[in-house]
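All residue numbers refer to positions in the sequence shown, counting from 1. Keep in mind that this is a model prediction, so the values were computed, not measured.
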Amino acid sequence: IKDQIREFSGRLMQAQESAASQFAQAEEAKDQIRHIESADTYAFNEALDSYADLGISAMRQTEKTKKEGRYVKPIAIAMENLFPEQYGAHPEELIKLVKGSRRTMEKKLMQLGVSSEEATKKAKDHITSTFDTGHLNTWRKYWDADPKKTIEQNDKDFDKWSLDMVRKMVKEGVVGHVHLDDNYGYHDDHLAPGEGNTPIREMVKILKEEGYKGEILEKAEKVLKE
């Protein structure tokens with residue numbers, strides 16, 4: 001009986017040591033999980049940090065022009081909606097980038113002693129975006145067309161989506177500059193407004209309706225009059 005007790009005691013100690021080791025490994029894994037982030041999240045946060053630093057640099061350059069008597073308007077960085085294959089080209093992504101960069105800049109300024117209200121204003125003044133009408137239209141080639149509809153009907157559906165996105169970008173307050181150019185939805189042809197199928201006239205009207213007061217090409221006024 002004593003031999004069996006010693007044997008069982010030994011097994012029990014081994015089991016306890018094994019369990020303790022496993023618990024330690026589990027806690028270590030939990031700690032790693034808390035600090036691990038995906039490559040996408042890491043890259044996005046790094047982008048926000050970089051844009052925030054650029055915004056602060058633009059702010060300081062603006063202050064310098066004021067001191068030198070050369071001030072005209074705030075200097076700002078303006079992320080552009082480029083091509084569908086690149087992150088930030090989609091309106092939703094562009095909104096996230098601009099607003100996220102502004103929040104990061106606000107935090108950095110507040111750490112420097114700037115008030116919350118002033119930090120918010122400066123971030124909005126110095127971090128914005130450039131909306132390119134032709135670049136938005138190139139999403140047309142990736143539009144998930146309804147096979148039950150005609151080509152014309154699907155084109156109208158895409159136009160509605162693109163106009164809704166324009167309105168959303170303006171309402172979110174992220175548009176600070178506008179490039180007016182046209183294409184047929186497949187290549188960035190840089191045609192003059194009206195030479196392609198981008199609904200530029202409607203886009204400009206939405207910009208005006210939503211109170212956009214930033215820079216816009218003179219051709220926009222011509223489009224409106226037509």
Side-chain angles (χ1 to χ4, degrees), residues 44 47-48 51 54-55 58 73-102 124-226:
F44 181 74
L48 300 187
Y51 286 132
L54 286 171
K73 62 180 180 180
I75 298 172
I77 64 168
M79 300 168 236
E80 186 171 351
N81 62 314
L82 293 175
F83 310 116
E85 296 78 16
Q86 298 175 322
Y87 186 85
H90 194 286
E92 299 282 5
E93 295 171 347
L94 190 63
I95 291 170
K96 284 178 61 179
L97 279 171
V98 173
K99 299 190 80 171
S101 299
R102 286 174 176 173
K124 189 173 181 180
D125 284 344
H126 300 290
I127 297 180
T128 183
S129 74
T130 294
F131 164 51
D132 187 297
T133 58
H135 292 170
L136 180 58
N137 197 54
T138 57
W139 280 93
R140 192 181 296 269
K141 60 186 172 183
Y142 294 114
W143 183 248
D144 188 11
D146 187 340
K148 296 180 181 179
K149 294 183 178 181
T150 64
I151 294 176
E152 291 75 15
Q153 289 172 326
N154 278 299
D155 279 342
K156 287 182 179 179
D157 287 344
F158 174 81
D159 287 346
K160 181 182 183 305
W161 172 81
S162 64
L163 294 173
D164 287 343
M165 288 296 99
V166 173
R167 191 177 297 277
K168 183 171 185 177
M169 286 190 290
V170 182
K171 282 188 173 182
E172 291 285 349
V174 301
V175 180
H177 185 70
V178 176
H179 285 172
L180 290 180
D181 59 277
D182 209 345
N183 56 55
Y184 285 97
Y186 293 92
H187 303 285
D188 186 30
D189 299 313
H190 279 271
L191 303 176
E195 293 184 353
N197 59 7
T198 308
I200 293 180
R201 180 183 286 104
E202 292 81 359
M203 288 179 176
V204 173
K205 287 182 178 179
I206 288 173
L207 290 167
K208 298 293 185 178
E209 288 171 3
E210 297 299 333
Y212 172 74
K213 299 187 184 303
E215 293 181 343
I216 193 166
L217 296 181
E218 292 181 1
K219 289 182 179 179
E221 298 296 336
K222 182 179 178 182
V223 172
L224 274 178
K225 291 176 182 177
E226 290 175 353

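In this structure, Y142 and P84 approach most closely via the heavy-atom pair CE1-CB, 3.6 Å. Contact between V166 and L136 at its shortest, heavy atoms only, is CG2-CD2, 3.8 Å. Minimum heavy-atom separation, Y51 to S101: CB-OG, 3.3 Å. Scanning all heavy atoms of the two residues, the minimum distance from V98 to M79 falls at CA-CE, 3.9 Å. Minimum heavy-atom separation, H135 to N81: ND1-O, 2.8 Å.
The side-chain hydrogen bond (donor to acceptor under 3.5 Å, both in side chains) test with R140 singles out one residue from T198, D159, N183, and that residue is D159.
Side-chain contact of N137 with N197: a donor-acceptor pair under 3.5 Å is present, judged by distance alone.
Applying the salt bridge (charged side-chain N to carboxylate O under 4.0 Å, His left out) test to residues at least two apart or on different chains, the pairs with a partner in residues 125-135 are K121-D125.
T138 contributes no side-chain N or O that, together with a main-chain N or O of G185, makes up a donor-acceptor pair within less than 3.5 Å. Y184 places a side-chain N or O within donor-acceptor distance of the main-chain N or O of E195, the cut-off being under 3.5 Å.
Two residues are said to be in side-chain contact when any heavy atoms from C-beta on lie closer than 4.5 Å; L97 and Y87 meet this criterion. Between M169 and S129 there is no side-chain heavy-atom pair separated by less than 4.5 Å. A heavy-atom distance below 4.5 Å is found between the side chains of E209 and R167.
Going from atom CE of M165 over to atom NZ of K160 covers 9.0 Å, rounded to the nearest 0.5 Å. Note: H126 NE2 to I77 CD1 = 11.0 Å, rounded to the nearest 0.5 Å. The structure places CG of L180 at 9.5 Å from CE of M203, a figure rounded to the nearest 0.5 Å. Here the straight-line distance linking atom CG of D181 with atom OG1 of T133 works out to 4.5 Å at 0.5 Å rounding. The distance from atom NE2 of H177 to atom OG1 of T128, rounded to the nearest 0.5 Å, is 10.0 Å. Note: E172 CD to K96 NZ = 12.5 Å, rounded to the nearest 0.5 Å.
Salt-bridge formation is not detected for the pair E202/K156: no Lys NZ or Arg NE/NH1/NH2 atom is positioned less than 4.0 Å from an Asp or Glu carboxylate oxygen. Ionic pairing of K168 and D164 is not present here: no N-O contact between side-chain nitrogen and carboxylate oxygen is shorter than 4.0 angstrom.
Heavy-atom contacts from other residues, nucleotides or ligands closer than 6.0 Å to CG of D146 number more than 12. Other residues, nucleotides and ligands place no more than 12 heavy atoms under 6.0 Å from the NE2 atom of H187.
The aromatic rings of W161 and W143 sit tilted relative to each other, their planes meeting at an angle between 30° and 60°.
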